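Below, each value reflects all heavy atoms present in this structure, side chains not excepted, and no hydrogens, waters or symmetry copies. Treat the numbers as computed from the prediction; the structure is a model and nothing was measured. One-based numbering along the sequence shown.
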Amino acid sequence: MSHLRQLRDESDFDQLPDDVPVSANIADIEEKRGFSSYYVFVIEVKTKGNNRYMIFRRYSQFYNLHTKLEERYGAENKNSSFTCMLPTLPGKVYVGAKKEIAESRVPILNMYMKKLLSLPAWVLLDEDVRLFFYQSDFDSEQRPQGLRRLRPRTRRVKSMSPQEPGFDRLAAPRVEALFDFTASSKLELSFKKGDLIYLLSRINKDWFEGTRQDATGIFPCDFVSVIKDLPEEEDPINWLRCYYHDDNVSSIRDISVEEDLSSIPLFQELMELIRRGFERNDIALNYRDAEGDLIRLLSDEDVALMVMQGRSWPFQKNIFPWKLHVTREDDYSVYHPTESAVSTQTTTQPHS
């Protein structure tokens, strides 16, 4: 069941105002300094009316919102007829490195927001929920530094360069910068608010490639306003096949991925993807080596080795040649399989 379909089933979704948020994802974490240093989550919010904007929230703001919702709508509230099963929010952590704590919370908070925005309309219209996802003047004045979780690896739609003969500047796809963007690598394009940037390609749904004053690079879509968009082109959907092992049953699930089949993901990115796909955090990622043994992935180097070995394996169209084996984090018995046969059932098979 899709996200919007679920909302329609539970309430009169069509009657909700266009500024109601329907999805939110953490694009990055950023360190801020006041009397002490702390981290905020940079969140991309999408509304029913297809508007997109960035907000900046601390974990304490998540915690305060959840406390208020528990008081009003929690299952323990016997004085209200408006109760529902609220999503679980991770508790406060008082010991540990602040950056590592913030990083570890990203997939959990993404799942929390996804489930929160799937609740009935009267929760979405709650004043504190609206304020939490509202882009305040403070939010609009912030300058996101990197949005690294939206960084792309693949290129999709191409356009003519301004340096090519016959280039028409009035008809060319182009954008205007909404605010400054400072490149953090040689791949990115720096610009100032008000700059005109000619589009060369659409990297993915969150990043463009463009050129400005003979400089070329990629930049996030949220930093610019589109004057003339690139032509539409349907992106092929690629699938990552996952085998989930639990007790004596192994199930198969295919997860859609926007990356090219030749791309090499980072370990943490892969963990976040699979956690979202399986809606659980107590998992470990593995692959089978040439001898058929399960090998647990623990780092970027492990992932790169898996991808390299997978390139020599037979593969199907639009399916990554390497496969993931997902197990419970505390289940080490899978590394010492018994002689008994393991039954297999397919839970998701979106393609032939």
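Without hydrogens or angle criteria, Arg288 side chain to Gly292 main chain gives a donor-acceptor distance under 3.5 Å. Within the 3.5 Å criterion, the main-chain N or O of Ala24 finds no donor-acceptor partner in the side chain of Glu44. In this structure, the side chain of Arg57 does not engage the main chain of Ile43 through any donor-acceptor pair within 3.5 Å.
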What verdict does the ring-ring contact (aromatic ring centres under 6.0 Å, His included) test give for Tyr39 and Tyr59, after you've listed the backbone C-alpha separation in whole Å, the side-chain angles of each residue and the deciding distance to 0.1 Å? CA-CA 8 Å; Tyr39 281 86; Tyr59 170 79; over 10 Å; no

Pair Asp126-Lys68, salt bridge (Lys or Arg N to Asp or Glu O under 4.0 Å): steps then yes or no: CA-CA 10 Å; Asp126 180 273; Lys68 294 176 181 178; over 6 Å; no

Would Tyr244 and His325 count as a side-chain hydrogen bond (donor to acceptor under 3.5 Å, both in side chains) if you check the C-alpha gap in whole Å, the side-chain angles of each, and the deciding distance to 0.1 Å? CA-CA 6 Å; Tyr244 180 69; His325 292 262; over 6 Å; no

ring-ring contact (aromatic ring centres under 6.0 Å, His included) between Phe191 and Phe181: does it pass, once the steps are laid out? CA-CA 5 Å; Phe191 49 77; Phe181 177 71; 5.6 Å; yes

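A salt bridge does not link Lys48 to Asp19: none of the charged side-chain nitrogens sits closer than 4.0 Å to a carboxylate oxygen. Ion pairing of Arg296 with Asp302 is absent here, as no side-chain N (NZ or NE/NH1/NH2) approaches a carboxylate O to less than 4.0 Å. Checked for salt-bridge contact, Lys193 and Asp180 miss the test: no charged N lies under 4.0 Å from a carboxylate O.
Residues forming a salt bridge (charged side-chain N to carboxylate O under 4.0 Å, His left out) with Asp330 (at least two apart in sequence, or on another chain): Arg328. Listed by chain and number, the residues in a salt bridge (charged side-chain N to carboxylate O under 4.0 Å, His left out) with Lys115 amount to none (sequence neighbours excluded).
Side-chain contact, Asp18 with Thr47: no donor N or O sits under 3.5 Å from an acceptor N or O. Neither side chain, Tyr134 nor Asp139, offers a donor N or O lying under 3.5 Å from an acceptor on the other.
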